Amino acid sequence: MKNDHNDKQKPSERVPCDRRTGVVVPLGALYSKKYSAIGEFPALAEFAQFCKKADLTIIQLLPVNDTGTQSSPYSGLSAFALHPVYISLTDLPEFSEKYSSDKSFAEKYDGFIKNNPYKNRYDYDTILNTKIGLLRMLYSATETAETGNPSEELAAWIQENRWIIPYAVYKNLKWKYMQSTWKSWEDRDRIVNRKEIAARWDGTDDKKEHLFYAWTQMRAAQQFSRAADAVRKAGIILKGDIPILMNEDSCDAWSQPDIFNQSLRAGAPVDGENPKGQNWGFPTYNWKYLESTDYAWWKERLASAAQYYGAYRLDHILGFFRIWAVPERDTTAVLGHTEPYRAITREELHKAGFDDGRIRWLSQPHVGTGVVQDITWNYESAHKILATCMTQLPNEELWLFNTNIKGDKDIYGLDFGTLCNNDAANRIREQLAQMWLNRCLIEMEKDMFVPVWTYTSSAAWKTLSGDEKKELQNMFVSLADDEQKLWEKQASDILSALTGSVGMTACGEDLGVNLPCLPAVMKANNILSLRVVRWAREWNRDGQPYVPFSEYPELSVATTSVHDSPTIREWWEQDAYASSLFAKTYASSFGSRPDEYKSFTPETARCILSAAAEAGSMWCIHPLQDFLYMNKSYWLEKPADERINIPGTVSAFNWTYRMPAPIETIEKDDELIFNIKTVAEKHREE
């Protein structure tokens with residue numbers, strides 16, 4: 001793989017010592033007169049000229065990998081392939097001749113431009129589908145499509161990017177299966193190895209189709225490389241975003257299953273806002289296998305990114321220490337556990353006074369007959385229904401789930417036939433799914449147990465004596481101490497191997513993390529942490545004051561907002577206490593008149609950004625929206641419409657934000673440029 005930046009620098013050499021101010025923007029959000037439907041790779045070069053004028057020396061992008069039918073940039077179908085939606089058709093070398101010689105193509109392209117004028121949110125599905133159709137038409141006129149053999153240019157590119165082989169085969173199969181998940185494919189396509197993938201690539205039947213995906217990726221890489229070069233020449237660092245997880249429907253999960261643990265899904269444990277935790281649906285990593293390969297796949301991934309970027313953001317860096325792993329057959333994350341983990345043995349429980357019956361009571365849900373009888377109002381039918389998925393304990397009205405029930409997905413799939421009506425069946429399944437979660441311990445493997453995150457809420461826990469509870473809690477504390485050491489070692493091994501393999505500056509998304517070993521491991525590997533100014537507060541103190549900017553660590557990135565949060569305008573207007581406290585705390589930036597800034601104005605935006613410039617962080621990187629607030633003509637009517645993503649929702653709104661004015665306009669906005677330069681200068685001199 002070609003990688004001019006993979007220079008094996010020492011960590012201390014990878015971190016620039018200069019203080020910089022930058023901007024975060026999704027690539028699709030860029031808008032210029034030439035790139036009006038959606039932001040495209042070449043638009044970066046235009047945007048870099050504005051940034052240079054405004055003294056913004058970092059441009060941070062959201063991920064730009066292929067996500068298929070999903071608009072979320074964090075749902076990648078490939079760790080390496082770029083998203084074809086960002087290809088500029090008119091900048092392709094095949095475009096001009098095709099447009100002038102093929103009336104059908106010209107009409108379709110003109111219709112695409114006419115039907116997709118600039119809007120505040122772009123139509124992801126329509127633009128993607130139309131572009132793929134136009135790319136196929138352009139490809140059909142190439143030498144490669146005519147002969148079924150790669151051109152000299154394409155052959156050389158394929159040789160340098162061997163990941164394209166499984167990706168092209170995978171994408172062609174996705175096309176044939178109408179984009180359905182590879183897990184639903186026929187066995188001959190679903191279960192493959194590298195040798196079989198290579199044979200399919202070399203086969204004649206689908207060769208032209210495979211080469212279409214290779215040609216598309218080559219053209220995308222060429223456009224992105226030219227744009228990245230233009231950014232560098234402008235004296236600007238281009239910063240990428242590396243999602244830690246891959247979609248379970250990705251090419252990588254299909255072609256390299258050993259990398260992933262397909263029996264587990266990543267997520268987050270129960271908290272106040274998520275009473276059933278978060279199940280993200282992405283497979284976890286098989287770190288033992290990856291270690292045996294010296295983390296080759298991850299290193300390849302970073303080397304690929306280093307072709308374009310000078311810095312990168314590691315999404316959810318906590319996941320390199322430990323991930324919250326959820327059984328694949330569960331829909332919730334209640335019965336998740338940390339990976340890696342330490343477990344309590346059955347022998348240890350015996351020594352603590354818990355016999356096998358007591359251990360079963362703690363680790364398996366016991367369902368009373370009444371749970372179903374209260375719905376059916378019939379004792380005999382309740383027994384028959386329970387017998388379809390459970391086994392009754394001798395001489396008791398208690399039942400245990402059969403071993404074929406692996407998660408609540410299996411419960412929701414139960415068919416009770418004629419034993420009850422549909423309404424009762426739905427209620428019974430829901431009740432049984434709730435009971436499935438009701439346990440104190442999880443048996444991870446034979447005779448090895450870990451506590452459920454919500455163990456104190458379980459029926460079993462509530463029946464224990466005070467001494468029994470104390471014994472278990474002492475065991476849990478001991479586990480937690482051991483796990484801290486385990487997590488620290490895992491992250492140290494992984495992150496030192498990865499960050500040392502490329503010359504890019506590493507930044508870690510460590511929001512909301514309360515892991516004692518994390519800061520030291522990040523510092524040891526010169527990974528910049530993240531500080532969101534509105535959340536950098538001393539939450540345990542009265543009034544929850546803001547952490548002084550002078551206390552932000554040098555190895556950090558300060559930012560006013562992130563893609564999952566409201567912009568500063570929406571935050572200021574929604575949280576009166578926090579905004580008022582911010583203005584009073586940083587009164588010097590607000591002209592010593594904080595009460596004048598209760599309403600959000602362009603001056604308020606300037607003051608917030610000016611205050612953030614005081615951060616001790618090496619870098620300050622803010623969303624484009626927050627900078628544009630310094631000119632009210634760029635505001636949308638509703639601040640919520642300026643968000644990038646609303647977590648926990650799936651809609652056409654998410655991830656489709658466009659900047660409110662073309663690059664040509666903001667590049668001529670001398671007042672805005674002056675204000676941004678003032679903020680950048682203040683940060684540079686702090």
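Nothing here was measured: the structure is a model prediction, and the numbers come from that model. We number each residue from 1, following the sequence as shown.
Annotation: Tyr118 is in aromatic contact with Tyr31 [ring centroid separation under 6.0 Å]. The distance between the ring centers of Tyr629 and Tyr634 does not fall below 6.0 angstrom. When ring centroids are compared, Trp453 and Trp324 come within the 6.0 Å threshold. Taking the six-membered ring for Trp and the full ring otherwise, the centers of Trp655 and Tyr122 sit at least 6.0 Å from each other. Two rings, from Phe282 and Trp280, have their centers 6.0 Å or more apart.
In this model, no donor atom of one side chain and acceptor atom of the other lie less than 3.5 Å apart for Thr69 and Gln179. No side-chain donor from either of Asn261 and Asn286 sits under 3.5 Å from a side-chain acceptor of the other. Judged purely by distance below 3.5 Å, without hydrogens or angles, the side chains of Ser561 and Asp626 pair a donor atom with an acceptor atom. Residues Asn65 and Ser78 bring no donor and acceptor atom of their side chains to less than 3.5 Å of each other. Remark: the Tyr74 side chain and the Asp241 side chain contain an N/O donor-acceptor pair separated by less than 3.5 Å. Between Glu573 and Trp571, the side chains place no donor N or O within less than 3.5 Å of an acceptor N or O (distance only, hydrogens not considered).
Put simply, the side chain of Asn645 never gets that close to the backbone of Asn654: no donor and acceptor are under 3.5 Å apart.
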